[in-house]
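Worth knowing before you read on, the calculation uses all heavy atoms, side chains too, and leaves out hydrogens, waters and symmetry mates.
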Amino acid sequence: MGIVYFFVVLVSCMIGAVVGLGGGVIIRPVFDILAIHNMLNIAFFSSAAIVTMSISSTLKKVKDGTKIEPRTAILISCGAILGGTFGNLFLEFLLDFFETQTSVQLIQTISTIFFLLLAIYLTQKGNLRYNVKHMALYPIIGVFLGTLAVFLGIGGGPINVPLFVILFNLSVKAATAYSIVVIFFSHSFRLITMGFTTGFAYFDVGYLVFILPAAILGGILGSMISKNLSDNMVKKAFLLTMLVLIGVNIYNGLMFGGII
């Protein structure tokens with residue numbers, strides 16, 4: 001099944017790099033459907049792929065001339081690191097609280113569908129534009145995004161991109177670049193936290209041989225594609241991806257709910 005994981009991660013990270021999703025929003029529900037590993041292993045694989053993709057994608061975007069304001073990215077990312085810790089602790093709390101893993105997966109799936117619908121709504125609201133200037137608010141925004149990203153195991157991009165567009169008056173392409181930077185920090189810290197709390201020996205690390213190269217290649221290819229797309233085309237790709245993912249998560253929700 002390693003080859004299957006390779007192609008899932010490759011396609012997910014390629015799409016994620018184009019539209020700023022990070023890839024986890026595709027990896028997690030698809031791995032849920034495959035049902036090869038348990039929830040914690042899927043979370044570990046997803047974060048490892050996201051971190052790897054974000055490095056290769058960001059380096060390619062910067063090399064191609066994408067401008068990222070370091071101070072803004074760092075302040076939001078610092079908040080995202082703290083938020084990532086909160087998200088991971090909340091996920092572990094739910095896993096301990098509920099008798100079955102399926103119950104937590106159902107909560108994740110329903111929450112994911114809600115935020116995907118919210119992302120579509122916000123992306124379509126062209127009149128919602130602000131320009132947040134107060135630096136003290138940047139880490140607070142990061143905490144919210146980091147918590148959401150790690151708890152849902154989706155990278156965070158679906159909500160990062162529209163919020164960055166609205167709060168910082170960015171183009172969609174610029175927002176995708178900031179989104180991937182924030183995703184990198186929140187999921188890097190998540191991997192560290194998982195190593196200390198769960199222990200890396202618990203995870204099926206042999207699959208990283210397939211996952212990490214796929215994430216690197218996906219990040220590079222996605223950035224190359226993004227470079228040749230207009231802002232409007234990236235927006236359309238983002239919306240189309242959201243619709244497909246809502247369908248995938250509805251299927252998962254029905255599966256976890258025992259309906260199918």
Determine whether [X] and [Y] fall in the same hydrophobic cluster, where Ile, Leu, Val, Met, Phe, Trp and Tyr are linked whenever their side-chain heavy atoms lie under 4.5 Å apart.
X	Y	value
Val143	Tyr138	no
Ile81	Leu75	yes
Val182	Phe115	yes
Ile27	Met39	yes
Ile68	Met135	yes

What orientation do [X] and [Y] show, parallel under 30°, tilted 30 to 60°, or perpendicular over 60°?
X	Y	value
His37	Tyr5	tilted
Phe93	Phe90	parallel
Phe203	Phe44	parallel

Practice problem: May I have the step-by-step check of side chain to side chain contact (heavy atoms under 4.5 Å, CB included) for Leu117 and Ile113, ending in yes or no? | Solution: CA-CA 6 Å; Leu117 289 170; Ile113 292 171; 4.1 Å; yes
Donor-acceptor contact below 3.5 Å, side chain [X] vs main chain [Y]:
X	Y	answer
Asn88	Met194	no
Gln108	Phe151	yes
Ser46	Ile42	no

From [X] atom [atom1] to [Y] atom [atom2], the distance as rounded to the nearest 0.5 Å:
X	Y	atom1	atom2	result
Leu163	Phe168	CG	CZ	9.0 Å
Ser226	Met224	OG	CE	11.5 Å
Cys78	Ile74	SG	CD1	7.0 Å
Leu221	Met53	CG	CE	12.5 Å
Leu191	Ser47	CG	OG	5.0 Å
Tyr178	Ser77	OH	OG	10.5 Å

Quiz item: Is Lys235 paired with Asp231 through a side-chain N to carboxylate O contact shorter than 4.0 Å?
Solution: no
In this structure, are over 12 heavy atoms from other groups packed under 6.0 Å from [X] atom [atom1]?
X	atom1	answer
Phe200	CZ	yes
Met255	CE	yes
Phe98	CZ	yes

Quiz prompt | Chi angles and distances behind the side chain to side chain contact (heavy atoms under 4.5 Å, CB included) call for Thr193, Leu89 | solution = CA-CA 9 Å; Thr193 302; Leu89 290 173; 5.6 Å; no
Nearest atoms (heavy-atom pairs only) where [X] meets [Y]:
X	Y	result
Val51	Ser188	CG2-N, 3.5 Å
Ser171	Val165	O-CG2, 4.1 Å
Val9	Ile211	CG1-O, 3.6 Å
Pro213	Leu208	CD-O, 3.6 Å
Ala49	Ala215	O-CB, 3.4 Å
Val8	Val30	CG1-CG1, 3.8 Å

Exercise. Answer yes if the side chains of Asp32 and Gln105 hold a donor-acceptor pair under 3.5 Å, and no otherwise.
Key: yes
Exercise. For Asn249 and Asn252, test the side chains for any donor-to-acceptor distance below 3.5 angstrom and give the result as yes or no.
Key: no
Mind checking whether [X] and [Y] have side chains closer than 4.5 Å, heavy atoms only?
X	Y	result
Leu40	Leu95	yes
Ile120	Phe238	no
Val11	Ile15	yes
Glu92	Thr198	yes
Leu254	Tyr251	no

Self-check item: Verdict with supporting geometry, Ile110 and Phe114, side chain to side chain contact (heavy atoms under 4.5 Å, CB included)
Solution: CA-CA 6 Å; Ile110 293 172; Phe114 169 77; 5.8 Å; no
Quiz item: Stepwise, does the side chain to side chain contact (heavy atoms under 4.5 Å, CB included) test hold for Phe31 with Ile36?
Solution: CA-CA 7 Å; Phe31 279 12; Ile36 300 169; over 6 Å; no
